[in-house]
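A quick write-up on the structure given underneath.
In each ligand, atom 1 is the first atom listed, and ligand 1 is the first ligand listed. Quick note: numbers below take in every heavy atom, side chains included, and nothing from hydrogens, waters or symmetry partners.
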Amino acid sequence: MAYYWYKAFHIIGIVVWFAGLFYMVRLFVYHAEARQESEPAQTILTKQYEIMEKRLYNIITTPGMILTVAMAVGLISTEPEVLKSGWLHAKFLFVGLLLIYHFWCGRIMKKLAKKENSWTGQQFRAFNEAPTILLLVIVLLAIFKNNLPLDLTTWLIAALVILMAASIQLYAKKRRQDKERLAQEN
Ligand code: HEM
């Protein structure tokens, strides 16, 4: 029974962790773009984003990460046999990358507060794609385990996911261009 409790809270932790990571980098985009505003808007906005980022990281994102990892330790300790599975070893690798991403976000947050980060909003948008890819790979590994399928259905789903991601990017690009054009006209 303990195994199911651990799994349930493992999944709840994942949801909280990812919600935090996705929102965090979205705030970095707004924060970076606020630097182009004139005063006093620039100071007011950047101060507000600093507070929001700090709270989000410390109250949502990091606790979500801790819950996910703690519950994973619970899962493994109740069923140590799972440690012999190849899929879990592969999962460790991708979760390792996710942890690096998490702490990297923490570093960026501190650098932004000290005005030592010069990434553009566009660079943060690209940075925000990484957790989506990691989420996809880790969930596929956790669900299919050692039988990750490579049949036609899988490739069709992969093509659909790529198509959807590309459409979202194109739409966002068009909106940004429209906004820039409007700003130039005014
Ligand atoms: C320290 C990192 C992690 C470890 C050691 C770990 C380990 C585990 C273990 C042992 C299970 C139980 C597998 C089973 O019952 O068959 C599990 C389930 C699961 N994990 Fe993780 N996990 C970690 C992080 C993550 C992350 C970051 C995600 C998502 C991005 C994730 C997604 C899942 C999902 C969806 C399940 C449920 C799979 C199922 O019931 O079939 N895990 N994890």
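Ligand 1 places these atoms under 4.0 Å from at least one heavy atom of Leu88: 7 (C). The contact set between ligand 1 and Leu135, taken as ligand atoms under 4.0 Å from a residue heavy atom, comprises 30 (C). Residue Phe92 has at least one heavy-atom neighbour below 4.0 Å for each of these atoms of ligand 1: 5 (C). The contact set between ligand 1 and Ile138, taken as ligand atoms under 4.0 Å from a residue heavy atom, comprises 26 (C), 28 (C), 29 (C), 30 (C), 31 (C). The contact set between ligand 1 and Phe18, taken as ligand atoms under 4.0 Å from a residue heavy atom, comprises 30 (C). Per-residue contacts place Lys145 under 4.0 angstrom from the following atoms of ligand 1 (heavy atoms of the residue considered): 14 (C), 16 (O), 39 (C), 41 (O).
Contact annotation: the side chain of Leu140 never approaches that of Trp87 to less than 4.5 Å [non-hydrogen atoms, C-beta and beyond]. Counting heavy atoms from C-beta on, the side chains of Glu129 and Leu134 never come closer than 4.5 Å.
No donor-acceptor contact under 3.5 angstrom links the side chains of Arg125 and Gln169, judged on distance only. Using a 3.5 Å distance cut-off with no hydrogens or angles, the side chains of Gln42 and Ser38 do not pair a donor with an acceptor.
Of all protein heavy atoms, the one lying nearest to atom 3 (C) of ligand 1 is Ala72 CB, 3.6 Å. Atom 31 (C) of ligand 1 has its closest protein heavy atom at Ile14 CD1, 3.1 Å. Among all protein heavy atoms, the one lying closest to atom 36 (C) of ligand 1 is Ala142 CB, 3.8 Å.
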#### Entry: Tyr4 vs His10, ring pair (Phe, Tyr, Trp, His ring centres under 6.0 Å): CA-CA, chis, key distance, verdict
CA-CA 9 Å; Tyr4 293 113; His10 182 56; over 10 Å; no
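By the 30° and 60° cut-offs, the orientation of the rings of Trp104 relative to Phe127 is perpendicular.
Between the choices Leu140, Thr68, Leu75, Leu98, the shortest heavy-atom distance to atom 10 (C) of ligand 1 belongs to Leu75.
Residue contacts with ligand 1, taken as heavy atom pairs separated by less than 4.0 Å, do not involve Leu134 at all.
When NZ of Lys91 and NE2 of His10 are joined through atom 21 (Fe) of ligand 1, the resulting angle is 180° to the nearest 10°.
At a 4.0 Å cut-off, at least one heavy atom of Tyr3 sits close enough to ligand 1 to count as contact. At least one heavy atom of Trp87 sits closer than 4.0 Å to an atom of ligand 1. The shell of residues lying under 4.0 angstrom from ligand 1, judged by heavy atoms, excludes Val73.
Residue Val16 comes nearest to Ile60 through the heavy atom pair CG1-O, 3.5 Å, listed as atom of the first residue, atom of the second, then distance.
Between Arg181 and Asp178 there is a salt bridge, since a side-chain N of the basic residue sits under 4.0 Å from a carboxylate O of the acidic one.
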